[in-house]
Amino acid sequence: MQRASPSAQVGGGTRILEGQDLSFKYPDGRTIFKDVSLFTGRDELVAIVGPTGTGKSTLLRVLAQLVPPTSGKVFLNGVQFTKPSSKISLVHQSIATFPWMTALENVKLVLMGSGMPDGEMTAAGMRVLGMVGLRGFESHYPKEMSGGMRQRVAIARALAAEPLVLLLDEPFVHLDELTANDIRKEIYELVFNPETSLKSAVLVSHNLHEVVQLADRVYVLNGSPATITDCVRIDLPRPRTERNPGFLDVVDALYGKLEKQPER
Amino acid sequence: MDPAIILATLATLARIFVLIGVSIVTGWLLAYAAITNRRFEDVYVPLVNIFESIPVIGFLPLVLVTFVLAIPGQLGVEFAVDFLVFDAVAWNVWIGVYQAFKTVPEHLLEVSDNYRFSFTRKMRTLFIPHSIPRITSNIFSSFADAFFYISVSEVFTAGVATAKVCPSGTCSTFGIGTLITKYTEAGDYTDVYYCLVSIAVAVTVVTLLLSSMSRRAVAKYGVDTPGAVRRNAGRWRGRLATPWRAFRAQTGVVGGYYSKAFQARMGSTFDTEVHKTRAAATRYAALAVLAVVLGFLVYSAVEVVISVPTSTWRTFLTETPQLLEFVGADYLRVSVIALAALGLAVFVGYYLAAHQRAGNTLLPAIQIFAAFPAPTYFPLVFIATLPFLEHALPFLYTEVYVFILGFLSCFYYVFFDFWIGVQAVPSEFNEVVRNYEIPFWTKMRRVVFPASLPYVITGLSSTINSAWAGIAIGEFWPGIAPSVSGSGLQVKNGMMYYISSNMAAGRIAPAAYVSLLFAAVVAIYGIVFTRNLMDLARKKYVVEEGIFAA
């Protein structure tokens, strides 16, 4: 494990998604986080960890511009943007699938503004459903699926929009451990599959084992108002499991950083 | 200004709210009986539709005579007025509560069954909380409806029967409707104006309170909705705090349930037999209510059938095809009104739900407009527009007025229900829509409309049922404005016209017969439209299941 310079150039040297000096304040004046700067590099999965209440999920929504920051800017491929874009797809913690649509219809929904003919939308939908292992379930309604399958539908929907960045807000928290572990094993390959448009991903999670298993770099958000207190690069070989030498050391180190209160 | 105006406004408000309270409590009991007993449901839903569809003014003679003669003195008058106001508010609340109970998420029902909740516990922790958003949305409409009919409810005449009780031949109770009638008869238009201002002030205050209550209800009892976003401290604080609040609440609740379940297994507090007895008692109580209502209806029906000579029945049967045509003509009018109301709800309702600032300004205005009794100002509209419309649409102008009155009497049901339905769409769904830049029409068709479908069904059902009252006034209003129209406002081919004109001429039997035909049609409509659509909504359009069930 190495401490990474927050300003370091990573991967191919290109910053895909970047937030600069982001702050977020509630209307009552309470600041949830301030001066947060972070970025993702090409083919990089970045995690954000922090205690409850530090605004991790809010930060994810600010990065997607689903919530405007109180101050600061967000850039995609170096270009500032201020409105939500399908180039940055958010996968919700609460597995939001539309119960009146089949798996395929849930996926096709995000293609409907693209002007694509229906046949092409169906083909694209089938392709991403196949990528997440749901071929044969396209006509099932979410109600007829397990939690893991539903989350795969949500991921397929996110991928169908051909995003550059995938934002994952505790995507495994509602799943049983076996299912979560199965999807975790696949997700790194899945999101960086050459067949997808993805260039990077941001994961918010409370589960440090999950973070160490998946992330290339970890931002630690701590304090009140929260700031980035650390940025940790994880260089363990992939695929990673808890049996890998050093895996649990990284987990322990991250715990240590979370427990440590930032200096004021 | 006469100080009695303020007291009368408060008295009317108090009467309306007490009766809304009664309708909510009875609605909970009846809805529970309906969802737990299919046979009761098969009777309850069509009955509610029938009662909601038959305009309050159609009830007048029967109800007034019953109450005024059965209960001596002013008390009978008070009960008669209470019943009329109750009639204006109850059906809408009842159907809303039924719809809410019908769409409680399956997994929450399973939790309550799993831990063998008693009836009171199920109601307190599951059904009643789940019904709160729909009740608050329906109170808007019920309140408006109550005020719409207040002028005909608080003062009434029922011929010989009322003359026995009320020396002047007209019975009245203290309230703003009575004062308006009194001042109008005395030609005191200044005080009529003050009465209208007083109603406007009361309606504005109540609307603002209901609006705030409705937001809080959606925020507290809805799923993870934008409603939660907007409450108290701020937009995102609420939304982002919700998962944790929900988590704490759920763990707390589940812990509580588990400990009870554990105690149950230990045999300390839970008794299966007691549970079964309570459930059976509830069912029997509901069946008893149903039996009383049905008994009353059967008794009335038998009385009517026996008292009508066979020759009259023969005449009725011969006229039935033409009368069904009248029913069809009115259904066409009601369909046009319902479609217009739905159109307004979908576009304006959605806009106001999505733009809180505009909603804060316009919703109270719409609510005040809806609650303002149209019959009090409609003659002025008629006088001002008749010369132009008669010239521009010589064959259709009466239809335009019937449409306007029908629309004013019912548009707000579907409007407010859709509005609150949109607010109850989970914030995750809105985020998906914004995230993927889903086009407006796709969003409306694929997300917003299906997500609010249970609310739309409730609202549309009430709108359709209540439109009859408006068109009943519009199809036969001979004395609307003698100065500009000798015959007033009348159509020639409507069921409501047929009923009202026959009643006015003292021919009760034909009016009663067509009412019977109408009741049969409404019962079929209740089963085909309301219940089937509600079943569909329960199977497929429970928005909560798109978020919770993982």
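Within every chain, numbering begins at 1; the chains are lettered A, B, ... in the order of the sequence lines, protein sequences first and strands thereafter.
- Heavy atoms closer than 4.5 Å to chain B are found nowhere in A:Gln151, neither backbone nor side chain.
- When each of B:Phe449, B:Phe347, B:Tyr350 is tested with B:Trp441 by the rule ring pair (Phe, Tyr, Trp, His ring centres under 6.0 Å), just one qualifies, namely B:Phe347.
- Remark: the A:Ser197 side chain and the A:Glu162 side chain contain no N/O donor-acceptor pair separated by less than 3.5 Å.
- Electrostatic pairing of A:Lys56 and A:Asp169 does not count as a salt bridge here, judged by no charged N lying under 4.0 Å from a carboxylate O.
- If you measure heavy-atom distances from A:Ile32 to chain B, you find no contacts under 4.5 Å at all.
- Stacking of B:Arg134 on the aromatic ring of B:Tyr455 is recorded, both the 6.0 Å distance cut-off and the 45° axial limit being met.
- Using a 4.5 Å cut-off between heavy atoms, A:Met149 does not touch chain B at all.
- Interface remark: of the candidates A:Ala158, A:Gly29, A:Ser114, A:Ala154, A:Ala158 forms the most heavy-atom pairs closer than 4.5 Å to chain B.
- With chain B as partner, the option from A:Ser85, A:Ala161, A:Ala64 having the largest number of non-hydrogen pairs under 4.5 angstrom is A:Ser85.
- Ring pair B:His355/B:Tyr351 is parallel by interplanar angle, where below 30° counts as parallel and above 60° as perpendicular.
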